[in-house]
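Since the structure comes first, as structure tokens, the remarks are kept for the end.
Since the model is a prediction, treat every value here as computed from it, not as a measurement. We're numbering straight along the sequence, starting at 1.
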Amino acid sequence: MSTMQIDPTWLTDTITIRRKTGMDDYQKPTYEDYVIKKVRAKIETIYSGTGNNRQITANGRVFLSAELSKNVPALDKTWLDSLVTIDGVEYVLTRISVGKEIDTGHVWSYTLEVL
């Protein structure tokens, strides 16, 4: 069985994910907040396409270690469109990539893309 090794000193950031849980009596969204510590956030504009046909696909990525990051919920497509706060700036969660061990299927990481 293989286990991915991540250097914990690399995980220096903290984020907040606000997952939409429903609507209140005034039809405004209600949220549940998750503060996740020991992640790696990198804010940079990510494009797809070439030349003048490029589109922004993300404004940043967040790496979460299922083992080392603190308070990591099981993330799936139901978390898309959640609000993610990084360094005081709020983004929208647009993509979730799940890293799994090949031999066991055990989740060892998540990479989130935010816009």
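- Looking only at side-chain heavy atoms (C-beta outward), I86 and Y91 come within less than 4.5 Å of each other.
- Taking 4.0 Å as the cut-off between side-chain N and carboxylate O, E113 and R61 count as a salt-bridged pair.
- Here the straight-line distance linking atom OH of Y31 with atom OG1 of T21 works out to 9.0 Å at 0.5 Å rounding.
- Grouping the Ile, Leu, Val, Met, Phe, Trp and Tyr side chains by contacts below 4.5 angstrom, directly or via other members, places I46 apart from L115.
- Counting heavy atoms from C-beta on, the side chains of I6 and F63 come closer than 4.5 Å.
- Across all non-hydrogen atoms, the minimal contact from T9 to T12 is O-CG2, 3.2 Å.
- With contacts defined as side-chain heavy-atom distances shorter than 4.5 Å, the pair L75/L112 qualifies.
- Both V107 and V72 are part of a single hydrophobic cluster, where members link through side-chain heavy atoms under 4.5 Å apart.
- Rounding to the nearest 0.5 angstrom, the gap separating the CG atom in L80 from the CD1 atom in I96 is 4.5 Å.
- A donor-acceptor contact closer than 3.5 angstrom is absent between the side chains of T111 and R95.
- From K100, atom NZ reaches atom CH2 of W108 across 13.0 Å, with rounding to the nearest 0.5 Å.
- Taking the six-membered ring wherever Trp is involved, the centroid distance between the rings of Y110 and W79 does not fall below 6.0 Å.
- Inter-residue side-chain proximity for S82 and R18 is flagged as unmet; no heavy-atom pair is nearer than 4.5 Å.
- The only member of D33, I36, L83 that meets side-chain contact (heavy atoms from CB on, under 4.5 Å) when paired with I17 is I36.
- Here the CD-OG1 distance, from E90 to T16, works out to 9.5 Å after rounding to the nearest 0.5 Å.
- Panel note: side chain D24, backbone T30; no donor-acceptor pair is recorded below 3.5 Å.
- Other residues, nucleotides and ligands contribute more than 12 heavy atoms inside 6.0 Å of the CD atom of E44.
- When side chains are defined from C-beta on, T94 does not count as touching V114, because their heavy atoms never get closer than 4.5 Å.
- Taking CD1 of I15 as the reference point, atom OG1 of T85 lies at 9.0 Å (rounded to 0.5 Å).
- Atom CG of L64 is separated from atom NZ of K38 by 13.5 Å, given to the nearest 0.5 angstrom.
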Check against side chain to side chain donor-acceptor pair (under 3.5 Å), R19 and T78 = CA-CA 9 Å; R19 183 179 189 193; T78 64; 2.7 Å; yes
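- Residues V39 and L11 are not in side-chain contact: their nearest non-hydrogen atoms beyond the backbone lie 4.5 Å or more apart.
- Listed for the N71 side chain is a donor-acceptor partner under 3.5 Å among the backbone atoms of V35.
- Counting heavy atoms from C-beta outward, N52 and R54 have side chains that stay 4.5 Å or more apart.
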